[in-house]
Amino acid sequence: MSQQMADLFKRITTGVHVIGVAAGEQHNAFTAAWVMPVSFRPLLLGLSINPCHASYALLKAGGCFSVNVLGKDQLELAGHFGAPAETDKLAAIPWRSGKTGAPLLDSSLARFECEVMAEYPAGDHRLVLGRVVHGELLETAREPLIYRDTADMDGTSAIYPQGFE
Ligand SMILES: Cc1cc2nc3c(=O)[nH]c(=O)nc-3n(C[C@H](O)[C@H](O)[C@H](O)COP(=O)(O)O)c2cc1C
């Protein structure tokens, strides 16, 4: 549909994250670029999630999510978690459950653990606010992966509208 529109929106600089979700014994994780800090007190992060993703049901059921910040060298991991959950995407990846139960990747450069505080309709997505209950900066010198550097890995050039109607 619109490569130009996708290029334009990728000029809003964000990182690339693996969002971990869990409910009971079930867990999953998916790649997300649309994550941002939204409040100091309380500490809040906003996440925009497509409700069609398998991860959304787990996020709703578990009431928590983790944000694993990927490094510049982790493009392949972004692609791995950016694919639908046909098999257990976490099976071959070292991870552990955090305080909330949501998966924390060993290889992330920083991570946050959030409890869902609120959720709002946001067009074809849902805007989820998470209260940050824990966080760790694991590697200060490592550069984060930037959304623009993932090119069209997420296939959004086929989703964006052609114009601003
Ligand atoms: C670089 C990249 C960024 C993405 N950003 C988001 C995002 O911010 N929100 C979202 O809902 N999906 C995003 N996706 C799409 C999901 O990762 C993808 O649809 C995934 O298959 C969902 O996983 P699940 O079906 O296991 O829940 C992104 C994908 C990639 C590759």
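Start at 1 and go down the list; that is how both ligands and their atoms are numbered. This chain uses plain numbering: 1 for the first residue, then up along the sequence.
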> Taking NZ, NE, NH1 and NH2 as the nitrogens, is one of them in D7 or R148 under 4.0 Å from a carboxylate oxygen of the other?
Replying inline: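 No, this pair does not count.
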> Is K89 positioned over the aromatic face of F81, cation under 6.0 angstrom from the ring centre and no more than 45 degrees off axis?
Replying inline: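 No, K89 does not sit over the ring of F81.
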> Got more than 12 heavy atoms from elsewhere within 6.0 Å of CD, Q4?
Replying inline: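 Atom CD in Q4 is not crowded, with 12 or fewer foreign heavy atoms closer than 6.0 Å.
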> Is it true that a side-chain atom of S66 and a backbone atom of G20 form a donor plus acceptor pair closer than 3.5 Å?
Replying inline: yes
>> Whether the side chain of N68 engages the backbone of H17 through a donor-acceptor N/O pair (distance < 3.5 Å, no angle test) should be reported.
In response: no
>> List the residues meeting side chain to side chain donor-acceptor pair (under 3.5 Å) with K60, not counting sequence neighbours, and say none if there are none.
In response: E119
Short N or O contacts of ligand 1 with protein, under 3.5 Å, listed by atom name?
residue	atom	partner	partner atom	Å
ligand 1	5 (N)	A33	N	3.0
ligand 1	8 (O)	A33	N	3.1
ligand 1	8 (O)	W34	N	2.9
ligand 1	9 (N)	S48	O	2.9
ligand 1	11 (O)	N50	N	2.9
ligand 1	11 (O)	H53	NE2	3.0
ligand 1	12 (N)	H53	NE2	3.0
ligand 1	14 (N)	T31	O	3.1
ligand 1	17 (O)	T31	N	3.4
ligand 1	17 (O)	T31	O	2.7
ligand 1	19 (O)	H53	NE2	3.3
ligand 1	21 (O)	G82	O	3.2
ligand 1	21 (O)	A83	O	3.1
ligand 1	21 (O)	P84	N	3.1
ligand 1	23 (O)	K89	NZ	3.1
ligand 1	25 (O)	A54	N	3.4
ligand 1	26 (O)	N28	ND2	2.8
ligand 1	26 (O)	A85	N	3.3
ligand 1	26 (O)	K89	NZ	2.7
ligand 1	27 (O)	A54	N	3.3
ligand 1	27 (O)	S55	N	2.8
ligand 1	27 (O)	S55	OG	2.5

